[in-house]
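Have a look at the structure below, then the notes.
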Protein chains: 2
Amino acid sequence: MVGIDEVARRAGVSTATVSRALSGNGHVSPATRLKVKAAALELGYVVSSNASSLASGRMKNIGVVVPFLNRWFFSSVVEGAQKALLQNGYDLTLYNLTGGGDERRSVFEHFLLRQRVDAVIAISLELTESEVARLHALGKPLVGVGGPISGVRTLTIDDVAVSRLATEHLLALGHTRIAHIGGNKDFDLDFHLPTNRRFGYEAALDGAGIGLSAELFQPADFTIRGGYRAAKQLLGSPHDRPTAIFAASDEMAIGSILAARDLGLVVPRDVSVIGVDDHELADFFGLSTIAQFPQGQGAKAVEILMDQLHPGKHDQAALNTPMPFELIVRSSTARPGG
Amino acid sequence: MVGIDEVARRAGVSTATVSRALSGNGHVSPATRLKVKAAALELGYVVSSNASSLASGRMKNIGVVVPFLNRWFFSSVVEGAQKALLQNGYDLTLYNLTGGGDERRSVFEHFLLRQRVDAVIAISLELTESEVARLHALGKPLVGVGGPISGVRTLTIDDVAVSRLATEHLLALGHTRIAHIGGNKDFDLDFHLPTNRRFGYEAALDGAGIGLSAELFQPADFTIRGGYRAAKQLLGSPHDRPTAIFAASDEMAIGSILAARDLGLVVPRDVSVIGVDDHELADFFGLSTIAQFPQGQGAKAVEILMDQLHPGKHDQAALNTPMPFELIVRSSTARPGG
DNA sequence: TTGAAAGCGCTAACAC
DNA sequence: GTGTTAGCGCTTTCAA
């Protein structure tokens, strides 16, 4: 590996100047900078991140903690964050908590502590108090995406508004018997969002002067399979079948569409279905949905961290921008009986 | 941050001894080791990975390069690798090439070179010659998973055997008009496996004395949507409709099942469908498939790297173990007309 | 604007 | 088995 001193010699300057020219910290005359960059390029020099980090205290590395990796939302957020980090010259170190237990503990008690990251992004994570404490003890910037972490700045769509919008879309079409498939209590512990989505649904019905009825709610686990089961329950009822279903995730909505088909119902003629996410499969199934943009959320998280890490370097990101969402109407929703 | 010298003072030993006791390198008396560990725990000491890496040349970090993250196979491999790395005290730094172009170049020309990783795992990546050259220039262990990299040890299932097995399953059930949905040429450039899967299919038919016919092959892009389109083409044919479809991925197989349903065909009565992967949705759709175990592949890649990084520490992993696969029969395959 | 030199916190010879 | 000490390769005062 070629080191900084070789570059210095080649460029006829000191190592200090090379460091300044390449990192952009401190002033170097344009001429020198050019010489140094040329020398570095010719020699194929790349800084040793360890030496640089040790000397400067900057790691150029962000830790990203996720509870799962093989779910659309999580991997999309990571993808968005990765791309943004790359552009800023940062690495992304991934900590996947799937499996829980020991792994989870060692991530918080060991891995995150070894001075390897400048900041942490926690995705849809419900953390214990001691975990939050450890994170704060790091003394490093921390931002959450998609899930509430007590005392931590979190990027998330307004779940109440999202589900209200979805429900209002159905109401506007003329539906009055609207079922909801949302998170069950177990899930709630980890995400909290199911509850909020339920609130929005209830608020919308309320606003339309429609009473809630318990048999129009089914809990499920945010998967296609879970949505399928829940929808079968709702649609199998011989009396007063709902004419529309609002599922708190696209995967559950897709499960609902499949359940409807298996019951011989035609979507949207017999039942309308709307989800939340704009999952990659939503388009294929013609699913109406409220899109959220997880990659944008990942990128935004990075932007905020960069602001904190390099104050003044970027335009200060508005710290309380709510994340955008958008109703996308496809072919799974229509007027009842239409 | 508490440093090694504080621990040394607290334990009444030198920093060298602390280093030895904590890292397990070099000999320390059991009594001393205990004292040191206790002191470290009390003080909440965790080594600075930078200082450690700089001094030792070991990064305790593996780079993982993936072309996509939000596909089941990739995220599963990463998950498996992550878990195995964690157990070995290693971090995982992720490089996602999605988007290609600039990002891709900077990963190879910058990020991987800054001495941050001890080794690299490349997942299903078709690399250019110059990229392979750069990787080799790192002088670090390198292992591929699921895709062929010229001159690099790669972990993969035997695609020919896999597709032969799938096809033979259909043949054994009595099918003779067996269609195949495989990769198209564009995809081939990146993966190569489609071709191999097609070979196995052809070999199996050949072995059964059944001639190939061009209209029984449809290219697709490994997604549900692609499989759906391809299957519509195959099953929509008014004459000599195939009685079975072997799709080179579960996602395409699921697309085929949905296409069959939309055409009014019943699976498996009118058409049998088999895929490859054992995707998380396979079970839900009752899909017969050849399972591969991506998490196991990720874990295996780590095992091999650990062997190379710490010779003698682990049992030498047999370097040429082919990755396992397994026929899983569910309800999407049956005797023709059954 | 540039150079000299003192560390950053740890590991690994080398001595004892 | 343990301590002493010289770096690892860079960044950053401080002086010039």
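A, B, ... follow the sequence lines: proteins, then strands. Residue 1 opens every chain.
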Partner of A/Tyr90 under side-chain contact (heavy atoms from CB on, under 4.5 Å), chosen from A/Leu305, A/Leu309, A/Val302: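 Considering A/Leu305, A/Leu309, A/Val302, a side-chain contact (heavy atoms from CB on, under 4.5 Å) with A/Tyr90 is found only for A/Leu309.
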Round to a whole Å and report the spacing from [atom1] of [X] to [atom2] of [N].
| X | N | atom1 | atom2 | answer |
| --- | --- | --- | --- | --- |
| B/Asp5 | C/dG7 | CG | P | 14 Å |
| B/Ile4 | C/dT11 | CD1 | C1' | 8 Å |
| B/Tyr45 | C/dC10 | OH | C1' | 7 Å |
| A/Gln115 | C/dG9 | CD | P | 8 Å |
| B/Met1 | C/dC10 | CE | C1' | 15 Å |
| A/Arg114 | C/dG9 | CZ | P | 17 Å |
| B/His27 | C/dA13 | NE2 | P | 14 Å |

Would a distance-only check, ignoring hydrogens and angles, find a side-chain to backbone donor-acceptor pair under 3.5 Å from [X] to [Y]?
| X | Y | answer |
| --- | --- | --- |
| A/Gln82 | A/Glu79 | no |
| B/Thr154 | B/Val152 | yes |
| B/Asn50 | A/Ser53 | no |

Do B/Asp91 and A/Arg116 meet the salt-bridge criterion of a basic N to acidic O distance under 4.0 Å?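 Result for this pair is yes, salt bridge flagged.
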May I ask you to say what A/Ser53 touches in the nucleic acid, namely base, sugar-phosphate or nothing, with a heavy-atom cut-off under 4.0 Å?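 Contact class for A/Ser53: none.
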Just checking B/Val18: base, sugar-phosphate only, or nothing, at a heavy-atom cut-off of under 4.0 Å?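 Touches nothing.
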Phosphate OP1/OP2 of [N] contacted by [X] side-chain N/O (<4.0 Å):
| X | N | result |
| --- | --- | --- |
| B/Ser23 | C/dT11 | no |
| A/Ser14 | C/dT2 | no |
| A/Thr17 | C/dG3 | yes |
| B/Arg58 | C/dA12 | yes |

Would you say the side chains of [X] and [Y] form a donor-acceptor pair under 3.5 Å?
| X | Y | answer |
| --- | --- | --- |
| B/Thr93 | B/Asn61 | yes |
| B/Ser75 | A/Ser75 | no |
| B/Thr17 | B/Ser14 | yes |

How far apart are the closest heavy atoms of B/Ala301 and B/Val143, and which atoms are they?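 The answer is O-CG1, 4.0 Å.
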Bending between helix ends of the helix from C/dT1-D/dA16 to C/dC16-D/dG1 [5 pairs per end, 10° resolution]: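 Between the axes fitted at each end of the helix from C/dT1-D/dA16 to C/dC16-D/dG1 lies an angle of 30°.
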Between B/Ser29 and A/Leu54, who's closer to the 5' end of DNA chain D by nearest nucleotide?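 In this pair, the answer is B/Ser29.
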Please compare B/Gly12 and B/Ser56 by the position of their nearest nucleotide in DNA chain D and report the one closer to 5'.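 With B/Gly12 and B/Ser56 compared, the 5'-side residue is B/Gly12.
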With a cut-off of under 6.0 Å to the ring centre and 45° to the axis, is A/Arg71 in cation-pi contact with A/Phe68?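 Pair A/Arg71/A/Phe68 counts as cation-pi.
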Reading DNA chain C from 5' onward, which residue's closest nucleotide shows up sooner: A/Thr15 or A/Val28?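 Whichever sits nearer the 5' end wins; that is A/Val28.
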Taking any atom under 4.0 angstrom from a heavy atom of chain A, which nucleotides of DNA chain D are the first and last to qualify, 5' to 3'?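 Listing 5' to 3', DNA chain D meets chain A from D/dG9 to D/dT13.
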